[in-house]
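Below, each value reflects all heavy atoms present in this structure, side chains not excepted, and no hydrogens, waters or symmetry copies. The chains referred to below are lettered A, B, ... by the order of the sequence lines, with proteins before strands, and numbering in each begins at 1.
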Amino acid sequence: MTDIPKAYEPHSVELKWYPIWEQRGYFKPSGDGPTYTITIPPPNVTGSLHIGHALCYTIHDVLIRWKRMQGFSTLCVPGTDHAGIGTQNVVEKQLRNEGISRHDLGREKFLERVWQWVHQYGGVIITQLKRLGCSFEWDRERFTMDEGYVAAVMECFVRWWEAGLIYRGKRVINWCPRCSTAISDIEVEHEDRAAKLYHLRYPFTDGSGYVVVATTRPETMLGDTAVAANPNDERYKNLFGKIIRLPLVGREIPLIADDYANPEFGSGAVKVTPSHDANDFEVGLRHNLPKPIVIDEHGRMTEEAGAPYAGLDRFEARERVLEDLEAQDLIEKIEDYTVPTALCARCHTVIEPLLSEQWFVKMKELARPAIDVVKQGKVKFVPERYEKTYLDWMENIRDWTISRQLWWGHRIPVWTTEDGSYIVARTEEEAKAKAGGRPIKQDDDVLDTWFSSALWPHAVLGWPKQTEDLERFYPTSVLITGRDIIYLWVSRMIMTGMYFIGEIPFHDVYIYATVLDEQGRRMSKSLGTGVDPLDLIELYGSDALRFSLLVRTARGQDIRFAPIKEGRHPQVEEARNFANKIWNASRFVLMNIEGKQGIEARWIDSDALADRWILAELNTTIEQVTAALKEYRMNEAAQTLYNFFWDQFCDWYIELSKQLVASKEETEEARAARCRIAYVLETSLRLLHPLMPYLTEEIWQRLPHEGESIMLAEWPVADASREDAQAREQMDTLIAVITKVRNIRSEMNIPPGSRLKLFIGTTDEPVQWLIEQNAEQIKRLARVEEINVAAALPAMQSAARDIVSGIEIGVPLEGLIDIAKERERITKEITRKESEANGMKSRLDNPSFVERAPREVVEQTRERHGELTAEIEKLRATLATLGNI
RNA sequence: GGGCGGUUAGCUCAGCGGUAGAGCAUCGGUCUUACAAACCGGGGGUCACUGGUUCGAUUCCAGUACCGCCCACCA
């Protein structure tokens, strides 16, 4: 076995297998069986792999590999998103470095540049996913702006327009002055900032005094067209209708009565700026107020703002307005105030509410069926709590601003004729035809990126064409995504799916863990807290990275992931060690079957305890891992396999069967043992494969196997007939005895090399038999040269004694004994047992416990208490004799 | 202002009605013919706090305190 390295070397294995899998077409759906389909959340073309992605797509691959092994016709469709603002920003930055802006290039040339960029650098992440081992169907890879996808987006727009669900409206929207575009409500983040609340005096024209209004944004006063107070506010009852002269501007504006004004706040009077505040806009509509726009799309004051201010940046204007008001003694007071500030989710620029004309989608009607299917349980959220998050949002849904003042994206398919009427068409040709020769001009704006991704599940399967894929793979099985895009994406896919296909897009929505940095902050490259998964793959291998992420993915709980420090990452190291453990256990098995006759990975029935036991344990593992995967409990699947493989298979089964398996002889008995150990290993590898694909394939190929790849091997099925409670119980006893002897040796400082004699005292005949049957094993694992079993321990001059599960254990020490140490050891043992016994006694003494607790619990407690009492007594006796030596 | 998570060993986290588990770290011992990235053994926790339900609560319920997310038009 010179050709098996002593440690697992991931890189060559990874680079070897992935191309083979891909070339052999294993990633494609196969057979006519039931389907299992996932469409991945398309990462941004501009993106590169981060830990969050690594986790997300690892989960995808685990489920796909698992289901593939279960015999499903599996399909995982990958792809990327054109990511409107994000991508445009990247290319604009590139241009800026060249000293030009997109306007210098013009729209057409700019788009060429973006496409060039996309082809050159886009989709890096896709290559990275291959390194992770993702078995996705690359031949069906999609892009949200590929030809077919454009058709889907146009189809959607046109059909919604025809149904009256899309409209053009003028209202106050969220405007990002840096991105220079409108954004939707959900793309706005809120942050509390320490700022000021300014109380301003607005004088009445008749000289009868003034009214005080409070504002956090004084510069907007230039656009005020009224002051409002609550109609029930006694302070203002007699003042409604009076005219105010707006300071600095000189405009005459009325004091109006409107419910919007809150009498509790400040003076109870509020300034009304219809063009720069959504609420004020509503007030303006109710009272038919003018709506002067005083801030432009770059965040600068407009001509309408008036001479001294026009052209100033909004924040400069704020200072200037305050100075000017101060000069006229119109500032009543300035208070410190915490202002909930709206920021652009993309660039964190302060959002400017701006009156503007945009395209909107009516959401109420689209939302209804999407609410119903979730309520009816047709679409299930995992963890369940996100159902409420989803429903709360959907029940209060507002119309969606879909137009963006960008160049990169799906151009809005609306053309305007000279007389201002709209022509909505799927293509320019269609629009021209509809125009019938009249000159037309296409809308300059593009659609929100999420408008196109909303169609993802059916669009990637070919919609609007009635493709075979759509027929076969829709609805998909599960959507795996982060909680931050439940509103932005998940909800919208359900809506479009219901609307266009009349069917849910996926049965389950699995919200996976958010990966945080060490301090519990969201992982972010800009904060420098990101960890590059490729660095970890370099260090420890792909399987280790995958496993380390999976083993931490519990119940949708967030994961804290530390950075690499001094070239090490303990969390992934743990998984790497496991990979190495698997490697070496396999190495042992391979070493002992190589060149031997008639070895298959097949179970051959055996009466031996270890054999019966490992078979039962393996069966339980199959059951638990399968159930865990089914319920998306990734950590449980990983943990169960880890424990089975390391603690049971390696620590006990291999050790117990070592003698036979590694014997030089080729007896039938040895052959059977080799088949069995190969069987347990091979089955374990199949269970591990979805989590650690490379390692398991590499080893599996070297084991006796059927089929071309572990990817196509059958997922193990649990078999109730393999359950063996007796074997488990006996094995527990065996382990307890061996551990106790080791414990005595260690505590008594007995040299590990020295061979001991072991005396066992028990009146329990089956236990006597058990010890005798497994005497050889005990000798080897406890390093004992002789075992004597009797009803009780014989009198021994000097010995260490203990008792476990009612079995007395005596180790003669022949003068080596350190009496003080032995007393200490036994005393500690007694104390431990006593504290346990006392707890049980107090429960048994409590009549309500005995009456009301389930009978088995009471029985168990009573039994264990009896056992403990007997053990304590014996240990006390031992302690007493120690003094006499 | 609402809603949702979290608080368990020095660290990172599982568990979730019968008086606590893992990995790492720590201490002691090992080249025991797969593995020192390993093996064997040990130590370490009033499971945030306060009440309630229960024979019994780390586990269920209510509240409190921190930490973190999400939603919300109060200027």
Using a cut-off of strictly less than 4.0 Å, decide whether A/R587 has a side-chain nitrogen or oxygen near OP1 or OP2 of B/rA34. no
Counting only side-chain nitrogens and oxygens, does A/K658 get under 4.0 Å of the OP1 or OP2 atom of B/rA34? yes
Centre-to-centre under 6.0 Å for A/H569 and A/F561, is that the case here? yes
C1' atom, B/rA37 versus B/rU8: distance in rounded Å?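 Looking at atom C1' only, B/rA37 and B/rU8 are 29 Å apart.
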Please determine, for the side chain of A/R560, which listed nucleotide (B/rC35, B/rC13, B/rG5) has the closest atom? B/rC13
For [X], report the nucleic acid contact type (base, sugar-phosphate, nothing); a contact means any heavy atom under 4.0 Å.
| X | value |
| --- | --- |
| A/R398 | sugar-phosphate |
| A/R483 | sugar-phosphate |
| A/F578 | nothing |
| A/R832 | sugar-phosphate |

Charged N to carboxylate O under 4.0 angstrom, A/E829 versus A/K740? yes
For A/K833, I'd like to know if atom NZ has over 12 heavy atoms of other residues, nucleotides or ligands within 6.0 Å.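 Result for NZ/A/K833: enclosed.
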Check whether more than 12 heavy atoms from other residues, nucleotides or ligands sit under 6.0 Å from atom CZ of A/R568, and answer yes or no. no
If a stem is a run of at least 3 consecutive Watson-Crick or G-U pairs, both distances under 3.5 Å, which stems include RNA chain B?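 Stems for RNA chain B, defined as runs of 3 or more consecutive pairs: B:1-7 with B:65-71, B:10-13 with B:21-24, B:26-30 with B:38-42, B:48-52 with B:60-64.
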For atom CZ of A/R385 and atom P of B/rC4, their distance in whole Å: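 After rounding, the reported distance stands at 11 Å.
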A/K658 NZ/CZ over A/F588 ring centroid, <6.0 Å and within 45° of normal: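 Relative to the ring axis of A/F588, which defines the angle, A/K658 lies inside both limits.
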Charged tip of A/R201 within 45° of A/Y210 ring normal and under 6.0 Å: yes
